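So that the names make sense, note that chain A is the first sequence line, chain B the second, and so on, each numbered from 1. Everything quoted here is computed from the prediction, not taken from an experiment.
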Amino acid sequence: MKPLPRSFYARDTVQVARDLLGKRLVRRSRTGLTSALIVETEAYLERTDPACHTFRGKTPRNAAMFAPPGHLYVYMIHARWCLNVVTAAEGIGDAVLIRAAEPRDGLPLMRDRRQREDDRELTRGPARLAEALDIDGKLNGYDLTLGRRLWLCDAPDDWADESLIATSPRIGISVNQQAPLRFFVVANRYVSGPQKLNRRP
DNA sequence: CTACCGATTGACT
DNA sequence: GTCAATCGGTAGA
């Protein structure tokens, strides 16, 4: 359960987005420990990507995206929290959105936080995942390499096989809609989004 | 201060 | 498949 080192995050953002599939996301809060295996991510690129929150520069909201790689960027959309990990290098403004994961530890606690019994309703979608893991704006800017409240670590290599990883356009954005910057585990029941996006290319 | 909007979700046809 | 609730960030008066 050792946290991934900062060097994992300090790489090309698209590569990190792909490599995050299969990693274990662990949350330790006062109420207990929960964890889930990442099955869906999206890359957001400051330099070339109008859909990226930092595309038009630094603001109070997106300041955490300019922190060193391995820090957390939590933002609110439609009255719900979503989580990203900062990538590339400090001051760049790139991040990877964690869109979905497969529950592993602490399912009863996740059901309680989500007020849902169906396992697919726990962590399928970025805001559902955040709520299941008790992640909100208070964790914005948190360092994921500390291994205390929230961190990422290697997991049994279920999805190392490239044939199980596919790419698609990102979900829910209104600009740069064609860019293939979404990554997901094929045929995993916890992947969000419309079915037609979730097939192999 | 007000007005508009979105990297969503959940309820509904 | 459709659609509206939700609320902090942001821009502009």
The test is salt bridge (Lys or Arg N to Asp or Glu O under 4.0 Å); show your working for A:E131 and A:R114 and say whether it passes. CA-CA 6 Å; A:E131 186 172 41; A:R114 290 276 303 125; 2.6 Å; yes

Considering only side-chain heavy atoms of A:S174, which listed nucleotide, C:dT6, B:dG6, C:dT10, is closest? B:dG6

Using atom OH of A:Y73 as one end and atom P of C:dG9 as the other, report the distance to the nearest whole Å. 10 Å

Whole-Å distance, A:D118 CG to B:dG10 P, equals 11 Å

Does A:R80 make a side-chain N or O approach to OP1 or OP2 of C:dG8 shorter than 4.0 Å? no

Decide whether a cation-pi geometry holds between A:R128 and A:Y190; the criteria are a distance under 6.0 Å from NZ or CZ to the six-membered ring centre and an angle within 45° of the ring axis. no

Whole angstrom value for the distance that separates P of C:dG8 from CG of A:N62: 18 Å

Quick one: A:Y44 OH to B:dG6 P, roughly how many Å, whole number? 13 Å

In whole angstrom, give the distance that lies between atom CD1 of A:I77 and atom P of B:dT9. 11 Å

Looking only at C:dT6, B:dA7, C:dG9, the nucleotide nearest the A:R61 side chain is C:dG9

Within less than 4.0 Å of OP1 or OP2 of B:dC5, is there a side-chain N or O belonging to A:H78? no

Name the closest nucleotide to the A:A127 side chain, picking from B:dG10, C:dT10, B:dT8. B:dT8

Which part of the nucleic acid does A:T59 contact within heavy-atom distance under 4.0 Å: base, sugar-phosphate only, or nothing? sugar-phosphate

The answer to which of A:L83 and A:E121 contacts DNA chain B further toward the 5' end, by nearest nucleotide, is A:L83

d(CD, A:E131; C1', B:dG10) in whole Å: 12 Å

When the distance from CD of A:Q115 to C1' of B:dG10 is rounded to whole Å, what number comes out? 15 Å

Using whole Å, what does the distance between atom C1' of nucleotide B:dG6 and atom CG of A:L97 come to? 13 Å

Reckon A:R114 touches a base, only the sugar-phosphate, or nothing at all at heavy-atom distances under 4.0 Å? sugar-phosphate

For B:dT8, does either OP1 or OP2 sit under 4.0 Å from a side-chain N or O belonging to A:R128? no

Which listed nucleotide (B:dT8, C:dC7, C:dT10) is nearest to the side chain of A:P126? B:dT8

So which atom in A:M110 and which in A:S35 form the shortest heavy-atom distance, rounded to 0.1 Å? CE-O, 3.2 Å

OP1, OP2 of B:dT8 versus side-chain N and O of A:R99: anything below 4.0 Å? yes

Is A:R11 positioned over the aromatic face of A:Y9, cation under 6.0 angstrom from the ring centre and no more than 45 degrees off axis? no

Answer with yes or no after comparing the ring centroid distance for A:Y75 and A:H53 against a 6.0 Å cut-off, counting only values under it. yes

Donor-acceptor pair, A:R120 side chain versus A:R189 backbone, under 3.5 Å? yes

A:R116 side chain near B:dT9 phosphate (N/O to OP1/OP2, under 4.0 Å): no

With a 3.5 Å limit on both atom pairs, tell me what B:dC5 is paired to, counting Watson-Crick and G-U wobble, or say none. C:dG8

Report yes if the ring of A:Y75 lies under 5.5 Å from the six-membered base ring of B:dA7 with planes under 30°, and no otherwise. no

